[in-house]
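What follows is a set of notes on a single structure, which appears directly below.
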2 protein chains.
Amino acid sequence: MAQSGGPTAVINSSVCGIVEEALQHGKIGGIYGAVNGILGVLHEELVDLRQEDLSSIRNLRRTPSAALGSCRYKLSERDFNRLLDVFIAHDIGYFLYAGGNDSMDTAHKVARLAAEKKYELRVMGVPKTVDNDLPVTDHCPGYGSVARFNAITTRDSSLDTEAIYTSDTIKIIETMGRDTGWITASTALAKETEDSGPHLIYLPERPFIADKFLNDVKEVYDRLGRVVLSVCEGLKDENGQFVKASTKGIDTDRFGHAQLGGVGDYLVNLISEKLRIKARYDKPGTIQRVSMQCASQVDVEEAYRVGQVALSKAVEGESDKMVTLIRKQKDPYSSDTGLIELEKVALRTRSVPDEFINKNSNFVTKEFIDYSTPLIGGPLPEYARLRMRKLERKLSAYV
Amino acid sequence: MAQSGGPTAVINSSVCGIVEEALQHGKIGGIYGAVNGILGVLHEELVDLRQEDLSSIRNLRRTPSAALGSCRYKLSERDFNRLLDVFIAHDIGYFLYAGGNDSMDTAHKVARLAAEKKYELRVMGVPKTVDNDLPVTDHCPGYGSVARFNAITTRDSSLDTEAIYTSDTIKIIETMGRDTGWITASTALAKETEDSGPHLIYLPERPFIADKFLNDVKEVYDRLGRVVLSVCEGLKDENGQFVKASTKGIDTDRFGHAQLGGVGDYLVNLISEKLRIKARYDKPGTIQRVSMQCASQVDVEEAYRVGQVALSKAVEGESDKMVTLIRKQKDPYSSDTGLIELEKVALRTRSVPDEFINKNSNFVTKEFIDYSTPLIGGPLPEYARLRMRKLERKLSAYV
């Protein structure tokens, strides 16, 4: 097995599920992990997971990041042949790859090559992406936890602005999402009352139009005297250009994706210059995707389950497929797993659908709230709200 | 009572301590909170805290931000007279102000004016600042929680880089601190092994020298292939100028302090341009100061206690003083409270002392670790570390 792409709070839970399931099958002789994803296979850096304590394996369920190491690496034609050489050399019969749509493409190509070369290899994709942008599956392991992190921290940060708005008036929260707004949308789960934050949410599924944005901000500011905004790092203008990329020079990763950052800073300056209102921004960055403290228990369990199912289905004879999550019951929430051909998810991206975005393109709909609420694994911690009964005034107004 | 300055995870715990203590004293007829700090007194916006449910008051202990509202407001001469008019109008005998060194100055001036005007008012300062920069007190309520947040999230973020360093090589974590490096220093508590992050820490107590910084980064990069850096938003160059202020135009608050941000972005670009290595940054911003999920239990308790003691000492006849925390015992940690004249803490700032900063000015010392460890209220959650026993290679190296 190998872990790929951006680390998450729960990808190790999938590894735990795979290993614990593999230990149930007598026909599996070795349980190997590749170090740093597919790079570990290429360079024959494999570790023997049977030599780990079972308690360490178990503890992976509450350990964030990627314990085996991860990578973002675009394989060449030649690389694929080498992968097969390594699999053959170590008599590997099952290859389980946890990742997003790039990784599913890699897994699919490995499966195809093995079939061509008549090497019996069963390949299964284990879905993992905080971006929640894999198609077919109802949602992706990793998403529930980043959504819970964003719900909790956006509420905290909104309460901060609510308390100190006479000085710190506008708060921008910049969240992750290269192409889709799923993560940014999850900040809506922080909202408890009509006036509490976030007040505005901007997703990359809609073009960013500065004048409209400034009007939206002004409207909330005039009404409440404060504004909490949540914006996606991947916001694009009407021409499809990123609103701001912060790094110059080395600004694309090995898949050719732009490295983002800086939209928060850009908007702080825009608001300052055009509206003459002081703004600041929070950018939790990679912290949001690996926060175990805010992990969703539903997400931890589902990540475990997709790992477990990937292994057991491979043993049953399935290959070239990814495990999916299917929403079974709404209340109380429960899910099933399914399988889909890797080809149907490889390199494909699922955007936030129209019915989850409001007409003004500046918030999410109730449909999105209904979709995402169960994924964060329970209500947010309860906070005190004081009644704040005012005393009668005894003096004239102070001017 | 009133709350002032930046919200924290535990300032509401101090309010809880004050109210619960006040309820024990028969001679206290009314318990009032000012809305938005001293602004609430100025504008006679006072709330009756006896009309709150006791359970809500109790729940303040686990509610972040500032439930009564806060402010940053520099009082004029005329304002001080108005404060006294409001106190007199509502027969207020005790004024408890929770805040940092600006607020202690305000409280001291209120006490002095009341004495001049022969109005019997007992004024007590309740220490509160995530910046931990009040003098005399061993540490400040609010600090232990932001330190715990930074220890936990820096460890998570470092594990993220450790997993994906073949692609995301350098991570910069920008933490708060306008003038002092206490908060940034606390990221050191994330470090578990010699090679784990953070590898470098830069505090505003030492001038930022770009060439030296780049050499430091290069050295770690050459050794480990990855670097996790923690930097203070308030870093200054040799001329005392902020390394980068992100907002243009409206860039000072009402006390004339510069609003910061942007040092992370600046360093990402510096590293990219000079070392040609891809870097990214996390900037938890205000999230770090109000994260209840990562609050330190020691901090919650001490914040409660300083509120309680401020009230009981005022009833005993003390005035014009701030409650301090005194470290009583190291292991197991325990603390006492003391009192100090407001004049001796007002407007004064305690920097991170020399013995807490290493010789290379790029990390903290063991003395700092010893000082800060008990304040975060217990060890960090335990994570799995796999043995990662490598399989013997069967093929020649892949080049």
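Chain letters run A, B, ... following the sequence lines, proteins first and then strands; every chain starts at 1. All values reported here derive from a predicted model rather than from experimental measurement.
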Problem - More than 12 heavy atoms from other groups under 6.0 Å of CG on L54(A) - result: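 No, not enclosed.
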Per-residue contact mode, [X] against chain B (heavy atom under 4.5 angstrom):
X      : answer
A67(A) : both
D79(A) : both
D48(A) : both

I'd like to know which of [options] tops the heavy-atom pair count under 4.5 Å against chain B.
options                  : result
R58(A), R78(A), Q3(A)    : R78(A)
P7(A), A89(A), S56(A)    : P7(A)
T154(A), T8(A), L68(A)   : L68(A)
R155(A), R61(A), Q51(A)  : Q51(A)
V86(A), L60(A), D85(A)   : L60(A)
R289(A), R62(A), E162(A) : R289(A)

Pick from [options]: which one has the most heavy-atom pairs with chain A under 4.5 Å?
options                           : answer
T161(B), L159(B), I173(B), N12(B) : L159(B)
A9(B), S157(B), A163(B)           : A163(B)
E45(B), K171(B), R82(B)           : R82(B)

Exercise for the section: Check whether the side chains of D282(B) and T286(A) place a donor and an acceptor atom closer than 3.5 Å, and report yes or no. Expected result: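 T286(A) and D282(B) do have a side-chain donor-acceptor pair below 3.5 Å.
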Exercise for the section: Measure across M292(A) and D156(B) and return the closest heavy-atom pair with its distance rounded to 0.1 Å. Expected result: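 M292(A) and D156(B) have their closest heavy atoms at N-OD2, 3.7 Å.
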What's the spacing between [X] [atom1] and [Y] [atom2] if we round to 0.5 Å?
X       : Y       : atom1 : atom2 : result
R393(B) : H43(A)  : CZ    : NE2   : 9.0 Å
S70(B)  : D160(A) : OG    : CG    : 9.0 Å
D91(A)  : K394(B) : CG    : NZ    : 8.0 Å
Y398(A) : L39(B)  : OH    : CG    : 11.0 Å
Y165(B) : C71(A)  : OH    : SG    : 10.5 Å

Practice task
Taking the side chain as every heavy atom from C-beta outward, state whether L391(A) and Y32(B) have any pair of such atoms under 4.5 Å apart.
Solution key: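 Yes. Closest side-chain heavy atoms under 4.5 Å.
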Practice task
With the side chain counted from C-beta on, respond yes when Q293(A) and F149(B) share a heavy-atom pair under 4.5 Å apart, and no when they do not.
Solution key: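 Not in contact.
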So which part of [X] gets closer than 4.5 Å to some heavy atom of chain A, the side chain, the backbone, both or neither?
X       : value
I164(B) : both
N36(B)  : side chain
L49(B)  : side chain
V399(B) : backbone

Exercise for the section: Enumerate by number any residue of residues 381-389 of chain A whose heavy atoms lie under 4.5 Å from heavy atoms of chain B; in the absence of such residues, state 'none'. Expected result: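 So far as heavy atoms go, P381(A), E382(A), Y383(A), A384(A), R385(A), L386(A), R387(A), M388(A), R389(A) are the residues that approach chain B to under 4.5 Å.
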